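A short worksheet on the structure shown next.
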Amino acid sequence: MARICVVLATYNGEKYLSKMLDSLVAQSRPADVIIAVDDGSKDSTCEILENYRDTLPLQIEALPQNTGHRAAFSHALTLAQKFITEDDLIALADQDDVWLPQKLEVLEKKIDSTKTSLVFGDAEVIDGDGNKIADSWREFAKIEKHISIEHQIAGINNVTGCMSLFRASLLDAVLPIPEGVSVHDRWIAMIADKNGGIAATDVSVIQYRIHGANAVGGVPDKSMRKTLEERIRWVETLLTHRERLKLTEAEILFANELIDLSRTRLQKPLVLSKLPWIIRHHRKLFLKDSPIKTLKRELFSAVGLPLAHKIFGKD
């Protein structure tokens, strides 16, 4: 029987961490090992983790200084390799959520039945005080259960790490997580998609907390400049690691066109020459929506930063 390893990265998480750890204790299918990497916390996070050593199978490492969300999870996953084999399973955890009691049980059954490399569930959405905001994170954030590699290249991700379970055999391809990856679960999802596939369940497996200080998920929209720059950095990273990702020639061509579009939008007021390409690939660039909203997205995608700043005041 496969063992389940929970990988948790913490940073100044004292406010919600105890509730998170209590929900790990309450799992109907307990974790076999929990890797907790603290990313240079200045509060009582490490002390809280230590208090759970007798009730959870914890392996704790405290980093001397903050390295960032991606680097902390990359380090934690590397540590996990010392405690598990390729036949085992990995569940990612965030410090501020609450796992529903059946999470690991549900996802383990799903990955066993589908024979895929990664499975993910849905979530109830709660606020900072634990009040329910929505019954479904997927509906709340308009997330689709099935997306293409081109969607992922364009920065659209449907797999939220804390709602997923994946095979440890992916780690050789996943690690190290490149610096150009802004969100670790997006990278893991692409690796899984190319190495065994992904399956979704409609069952809610956690309470996903949105409180205004999340590392990812529910955070305020970035500026237009930062969004374009991050997209360029993301796609450049994918192209650098095209062999690890097993990108096809068509996916590489799409990635190069997207970089060219993004760079041009940073510099020019309008990029009307790119509009035919945007319209032709709108199903890869945007999630499914009403015809009017899709048209608006297509047209705005041909607007450059100088014009957007002048007309809409966008930075």
Side-chain angles (χ1 to χ4, degrees), residues 1-10 13 16-17 19-37 49 52 55-61 69-70 72-124 137 157-171 174-175 177 183-189 191-192 195-196 198-201 203-209 215-217:
M1 182 178 177
R3 300 168 77 237
I4 295 181
C5 174
V6 173
V7 173
L8 168 67
T10 61
Y16 301 116
L17 183 56
K19 288 185 174 61
M20 169 63 206
L21 295 174
D22 286 340
S23 72
L24 292 183
V25 174
Q27 287 297 295
S28 60
R29 194 295 191 200
D32 297 288
V33 60
I34 301 171
I35 308 297
V37 170
L49 287 171
Y52 281 80
T55 51
L56 289 171
L58 275 164
Q59 299 291 330
I60 303 169
E61 179 171 331
H69 197 67
R70 175 206 58 81
F73 265 104
S74 187
H75 182 70
L77 288 168
T78 301
L79 285 179
Q81 289 182 303
K82 299 178 181 179
F83 297 91
I84 57 176
T85 70
E86 288 189 349
D87 297 325
D88 293 329
L89 303 167
I90 295 175
L92 303 176
D94 292 337
Q95 64 187 11
D96 42 12
D97 300 322
V98 176
W99 286 17
L100 297 177
Q102 79 283 9
K103 177 190 173 174
L104 292 179
E105 180 182 355
V106 166
L107 294 182
E108 184 179 36
K109 287 179 179 177
K110 185 69 175 180
I111 204 167
D112 284 345
S113 65
T114 60
K115 307 301 181 185
T116 51
S117 289
L118 183 150
V119 294
F120 67 104
D122 201 355
E124 299 172 358
W137 166 247
N157 180 36
N158 64 337
V159 176
T160 306
C162 55
M163 303 170 203
S164 70
L165 183 73
F166 64 91
R167 299 189 186 278
S169 56
L170 292 177
L171 287 181
V174 166
L175 296 171
I177 301 176
V183 184
H184 63 283
D185 46 17
R186 181 188 297 175
W187 172 258
I188 294 170
I191 296 289
N195 294 274
I198 295 172
T201 174
V203 177
S204 289
V205 294
I206 70 168
Q207 290 184 317
Y208 187 55
R209 192 185 303 273
V216 294

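Keep in mind it's a predicted model, so treat the numbers as computed, not measured.
- Here Lys103 contributes atom NZ and Ser164 contributes atom OG; the two are 6.5 Å apart, rounded to the nearest 0.5 Å.
- Checked by atom type and distance alone, the side chain of Thr114 pairs as donor or acceptor with a backbone atom of Lys110 at under 3.5 Å.
- Atoms CG and CZ, on Leu165 and Phe120 in that order, are 13.0 Å from each other to the nearest 0.5 Å.
- In this structure, the side chains of Val106 and Leu100 stay at 4.5 Å or more apart for every pair of heavy atoms.
- Contact annotation: the side chain of Leu171 approaches that of Ile90 to within less than 4.5 Å [non-hydrogen atoms, C-beta and beyond].
- Separation of atoms CG (Leu170) and CD (Glu86) is listed at 9.5 Å; rounding is to 0.5 Å.
- Of the inter-residue distances, the one linking Glu108 atom CD with Met1 atom CE reads 4.5 Å to the nearest 0.5 angstrom.
- A pairwise comparison of heavy atoms in Ile84 and Arg3 identifies CG2-NH1, 4.1 Å as the closest pair.
- Between Trp99 and Ser23, the shortest heavy-atom distance links the atoms N-OG, 3.0 Å.
- Contact check for Tyr16 versus Val98: no side-chain heavy atoms found under the 4.5 Å cut-off.
- Note that CD1 of Ile111 and CD1 of Ile198 are 10.5 Å apart. Values are rounded to the nearest 0.5 Å.
- At least one side-chain heavy atom of Phe73 sits under 4.5 Å from a side-chain heavy atom of Asp94.
- Of all heavy-atom pairs spanning Ser28 and Pro30, the tightest one is O-CD, 3.6 Å.
- Of all non-hydrogen atoms in Asp122 and Trp137, the two that sit nearest each other are OD1-N, 3.2 Å.
- Atoms CD1 and OG, from Ile188 and Ser117 in turn, are 12.5 Å apart once rounded to the nearest 0.5 Å.
- Between Cys162 and Ile206 there is a side-chain heavy-atom pair separated by less than 4.5 Å.
- Side-chain contact between Leu92 and His184 is present, with heavy atoms from C-beta onward closer than 4.5 Å.
- Ile34 is not listed as a side-chain neighbour of Leu21, based on a closest heavy-atom distance of 4.5 Å or more.
- When the options Val37, Asp96, Leu49 are evaluated for a side chain to side chain contact (heavy atoms under 4.5 Å, CB included) with Thr10, the one that passes is Leu49.
- Residues Pro101 and Ala26 come closest through the heavy atom pair CB-O, 3.8 Å.
- In plain terms, the two heavy atoms of Asp32 and Ile4 that are nearest each other are OD2-N, 2.7 Å.
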Could you give me the CA-CA distance, side-chain angles and deciding distance for His75 and Glu61, then say whether side-chain contact (heavy atoms from CB on, under 4.5 Å) is met? CA-CA 10 Å; His75 182 70; Glu61 179 171 331; 2.9 Å; yes

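- Taking the side chain as every heavy atom from C-beta outward, Leu79 and Gln59 never approach each other to under 4.5 Å.
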